[in-house]
Each structure stands twice: as structure tokens, then as C-alpha cells.
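No hydrogens, no waters, no symmetry mates; every other heavy atom, side chains included, goes into these values. Order of appearance sets the numbers: ligands from 1, and atoms from 1 within every ligand.
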Amino acid sequence: METINQESLFTPMTATSSENAFKAAKDVLVGGVNSPVRSFNSVGGTPVFFERGSGAFLYDLDEKPYLDYVLSWGALILGHAPKCVTAALHETLVKGTSFGAPTVLETKLANLVTECVPFLEKVRMVNSGTEAVMSLIRLARGYTKRSKIIKFRGCYHGHGDSFLVEAGSGVLTLGIAASPGVTAGAAKDTLIAEFNDISSVKEHFTRHPGEIAAVLLEPVTGNMGVVLPETQFLTALRTLTEEKDALLIFDEVMTGFRVGLGGVSMRLGVTPDLLALGKIIGGGLPAALYGGRAEIMDHVAPLGPVYQAGTLSGNPLAMASGLATLTELRTHEQNHYGILEKHGHRLETGLNAIATELKVPMVVTRMGSMMTVFFTTLSKMRNFNDVTSLDANRYGQFFHAMLKQGIYLPPSPYEAWFLSIAHKDADISKTLTCAQRALSEIISRS
Ligand SMILES: *Cc1c(COP(=O)(O)O)cnc(C)c1O
């Protein structure tokens, strides 16, 4: 940090190994990346290529450290390469990496998850959040024998065809309203409602009586940035879906085990019929699951007619990593979630104080250790419409000014920042100091 103290944060970074790596990647990987938001399209510049991670830090190809607030998009709640996870992986690795047959690890992880989220009576392991939600929708349709689903503008549920309609984050960033390749047939069974607006949901039920299989949402959104449900919104959805014999599905791929042991359903006490989990439950390896009441889940093959399968599903390495992560979280629940809340609160209040002092119009939204900083003149964020008021250009400037100081924020304004238990008090202090400097420079130039 000291070495750049005299230099403006607006001077572009000098050529790094990442630039060369990105050039080479672009020759053979589409856009140089394997997932679009990684490309820095929405903030400009060259994506940083990382060599390794340790605790709260990532290290690029030139060994420059970055305090990481992306954490593999929230998966790494214990930070990078925690001992409990790497030890479990070593132990599992030497026994073989995949059997295509049952292992005890799968039952152990399923038991641990269902103990933390008791309304889950049965679960099915899959490899990604996308797969979990896609499978849930098939199940919801198979179970209810209805075809339509309601999703919310700005919510992201992976890249399944039915969800690439008014989706968040990557899709927002790239300005793809509905992706080419998604047929009108697939899109027509997806109805769009507004987050925090129960009347927009009721309208669909009135217009399509007996046709709606499920209402699907991120109960706390992360993929249009963090937007919190207003009091009664989730309970109103619960009551309405029960009235209409439709299923309520929470996509907690991001919030599961992030906002507390279990997730939003446990923290706010609203019980959906079906739930998708991912990210944290794989502890940094590809694992996700879907589950719910046994009576519904028993419609999945081999017990029922709804087909879903996977060569690597329940992979032993992914199960071992998830088990180690969730065991650590459950064993030290109060301590870990207490620290996450404390640091989240400090970051939020610190950033708000800086914004007030510098007169930067800004809203910070947060639940526990996930938060978003919106550069907006609005005073709160209720739904997607509010979110689109954000100043993407200002976020891009802020992102690069922070990156230059060794703070790695999400490379898009429509994403959540995450904390891990490896983030220390001093890291939060440093982040606030860097943010103060970044925003001062941005203000003095605008
Ligand atoms: C990340 C995410 C997904 C997709 O998960 P992948 O593992 O990337 O397929 C789905 N829903 C939500 C809420 C997510 O945050």
C-alpha cells in the first residue's frame, strides 16, 4: 500500500502477469473466462489471475496480495484453504476421487444439512446451484402437474432456460434481457413478479388459476445485489402459495449457511416446501443439493417418475469438503456467526460514515456477512427497479481504486460482497481506510 501512496488511484496499474495470462486465455477460452462476470466487462480493465489463496487473502501471479471480498462468490465462508477442509480433502483424495456408487460421506453430509435445516426431510446431491434449481422446477411441475412458475425480476437461479428471463448479476451486467437460445416456449411458462410486492404475485395467480406450480425466489437476494425482504413479504408468499396449492421454493444457494446456520428460512422462520443449497455446502468444491418434505421428494427417481441423475453427484471430495466446512460452522456456530455479524456491521457503519462525511449518495444493504454498496440517490432498495438506479460508472471507479490498494471487490455493481471468518478486525480497518481514500479521489474528480 505504501508504495502507491503518492500516486493517484486513477493511474492505471502497470502491465502485470495477469494481462499476459488474459491474452493467452482469450485465444482459447471464450472471452478468456469460464463464467462471464469474471471477465471484468462491467468494471473495465483486465481480470486478475490468481495463483493461490490463504485465509482472507488471494495472491496474483506476481504474488501481490488482495483482501478478498468475493470468496468464490460466497462459497468460502471459512476463507481460503482452511486447515479443516484441506486435511479432510487430503484424507479423502488418497482413497480415490470418484466411484459412481454410494459412499457414506453423502449420507453424513445429508444428515448434517437436515439437522441444521429440519424441514428438509430428504435431499438429493448435485454438482451446481444451476442443477439444483433446474431439478427443483422439474420436480415442482411433476408433483403439481402444473407448468408455470413465478420468479422475481432481478433474482438469479443459475442458467437454466426457465430462469434466464429477467435474471440478475451476470445477465444484468452484460445487459442480456433474455438470452438468445432460450425458446419462447421455455420463457412463456416463467411469470415475472416484483420483489417485495405481493400484489404482483397475486395478479399472476388471478390471471392463471390452477396453472402455477411454484413461486421461486432468493428470500434475501444477492444476485441483483443484496435486497432484503420487507417484514411480511415472505410470510405473505407462504400464505398465498398454500391457498393456491402451489409450492414455495427458496433458492438459498447463496444465503444457505451464509446468513446463519441453515439460512434465511431458519433465520426468519419462514418454511418453504422446497429448498436449493449450494456454494458454502461444497466448501469450495462443486456441490449443491435440493430437498424438502419427503412426500414431495419421493417423486424423484428412483422412487418416483421425475428423472434426475449425475455422474459425479455426491462426489467424495466435494462431500468431504462440505462436511468439514459445515462441521466447523456448526461446532463454533455462535463464535463464527458472531464474528461475521460484528465485522459486517463494522464495515456497513464505517462505509456509511465515510459516505456521509464525503457527501457520496450511497446505500449499504446487508444481512450478516453479505452486503452490497449501491451508489444511488435513493434512500433504500426494495426491488429490481430501485437497483437499476445505481451509478455503474462510479462503482467501476471505486472497484479499481480499491483493487489498486489490494482490496478485491466483486467486479460488478450488482453483486454481493462477502466476509469470511478469516477476515480480521485489522482487515476491516484497512478496507475502510482504502474506501475513504478511494471515494475522496472519486469525489474530487467528479
Ligand atoms: C450462484 C447461484 C446459483 C447458481 O449456482 P451455480 O453453482 O453457479 O450453478 C443459483 N442461485 C443462486 C441464488 C446463486 O447465488
Side-chain angles (χ1 to χ4, degrees), residues 33-39 69-77 124-138 140 149 151-174 179 190 195 214-229 234 248-259 262-265 267 272 274-291 308 310 312-315 318 321-322 325 365 367-372 384 387 410-412 414-418:
V33 293
N34 285 309
S35 196
V37 181
R38 296 180 196 169
S39 69
Y69 284 102
V70 179
L71 296 167
S72 198
W73 303 95
L76 302 177
I77 196 166
R124 167 63 58 84
M125 301 291 173
V126 292
N127 305 290
S128 71
T130 294
E131 216 187 317
V133 189
M134 270 169 40
S135 309
L136 273 184
I137 293 305
R138 184 179 307 135
I149 56 162
K151 85 174 272 289
F152 293 82
R153 201 183 304 279
C155 280
Y156 177 71
H157 303 291
H159 61 85
D161 279 3
S162 337
F163 318 126
L164 280 183
V165 183
E166 307 274 357
S169 59
V171 181
L172 284 181
T173 300
L174 298 170
S179 169
T190 304
F195 198 76
V215 175
L216 164 70
L217 75 158
E218 299 178 73
V220 166
T221 82
N223 289 289
M224 55 173 152
V226 174
V227 176
L228 304 177
L234 298 179
L248 180 62
I249 305 178
F250 281 2
D251 176 353
E252 296 219 50
V253 169
M254 183 183 287
T255 53
F257 293 90
R258 166 58 62 185
V259 302
V264 176
S265 65
R267 181 164 168 155
L274 293 168
L275 180 74
L277 293 170
K279 296 193 169 100
I280 288 175
I281 69 153
L285 269 83
L289 65 78
Y290 63 98
Q308 186 272 311
L312 290 176
S313 293
N315 173 267
S321 167
T325 301
T365 54
M367 182 177 272
S369 58
M370 60 187 276
M371 59 178 258
T372 299
F384 178 70
V387 166
S412 157
Y414 303 99
E415 299 285 355
W417 307 14
F418 299 101

Legend entry - Glu218-ligand 1 polar pair, N/O distance under 3.5 Å: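 No, there is no polar N/O contact under 3.5 Å.
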Inset, instruction - Using a distance threshold of 4.0 Å (strictly less than), state whether atom 9 (O) of ligand 1 has a protein heavy-atom neighbour. - result: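 It does: a protein heavy atom is found less than 4.0 Å away from atom 9 (O) of ligand 1.
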Going from [atom1] on [X] to [atom2] on [Y], what distance comes out if it is rounded to the nearest 0.5 angstrom?
{"X": "Ile280", "Y": "Arg258", "atom1": "CD1", "atom2": "CZ", "value": "4.5 Å"}
{"X": "Tyr290", "Y": "Ile249", "atom1": "OH", "atom2": "CD1", "value": "11.5 Å"}
{"X": "Asn223", "Y": "Asp251", "atom1": "CG", "atom2": "CG", "value": "8.0 Å"}

Which atoms of ligand 1 have any heavy atom of [X] under 4.0 Å away?
{"X": "Ser128", "result": "7 (O), 9 (O)"}
{"X": "Tyr156", "result": "11 (N), 12 (C), 13 (C)"}
{"X": "Asp251", "result": "10 (C), 11 (N), 12 (C), 13 (C)"}

Inset, instruction - With atom 1 (C) of ligand 1 as the reference point, say which of Met254, Met134, Lys279, His159 has the nearest heavy atom. - result: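 Residue with the shortest heavy-atom distance to the ligand atom: Lys279.
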Between [Y] and [X], is there a side-chain heavy-atom distance shorter than 4.5 Å?
{"X": "Ser135", "Y": "Arg124", "result": "no"}
{"X": "Met134", "Y": "His159", "result": "no"}
{"X": "Phe163", "Y": "Thr130", "result": "no"}

Legend entry - Nearest non-hydrogen protein atom, atom 5 (O) of ligand 1: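 Of every protein heavy atom, Gly129 CA, 3.2 Å lies nearest to atom 5 (O) of ligand 1.
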Inset, instruction - Looking only at protein heavy atoms, identify the closest one to atom 4 (C) of ligand 1 and say how far it is in Å. - result: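 Looking at atom 4 (C) of ligand 1, the protein heavy atom closest to it is Thr130 N, 3.7 Å.
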Inset, instruction - Compute the minimum heavy-atom distance from Asn223 to ligand 1 and say whether it is under 4.0 Å. - result: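 Contact check Asn223 vs ligand 1: positive.
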Inset, instruction - Decide whether the shortest distance between a heavy atom of Trp73 and an atom of ligand 1 is less than 4.0 Å. - result: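 No, Trp73 has no heavy atom closer than 4.0 Å to ligand 1.
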Inset, instruction - List the atom of Pro36, the atom of Ser39, and the distance in Å for their closest heavy-atom pair. - result: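 Between these two residues, the closest heavy atoms are O-OG, 2.8 Å.
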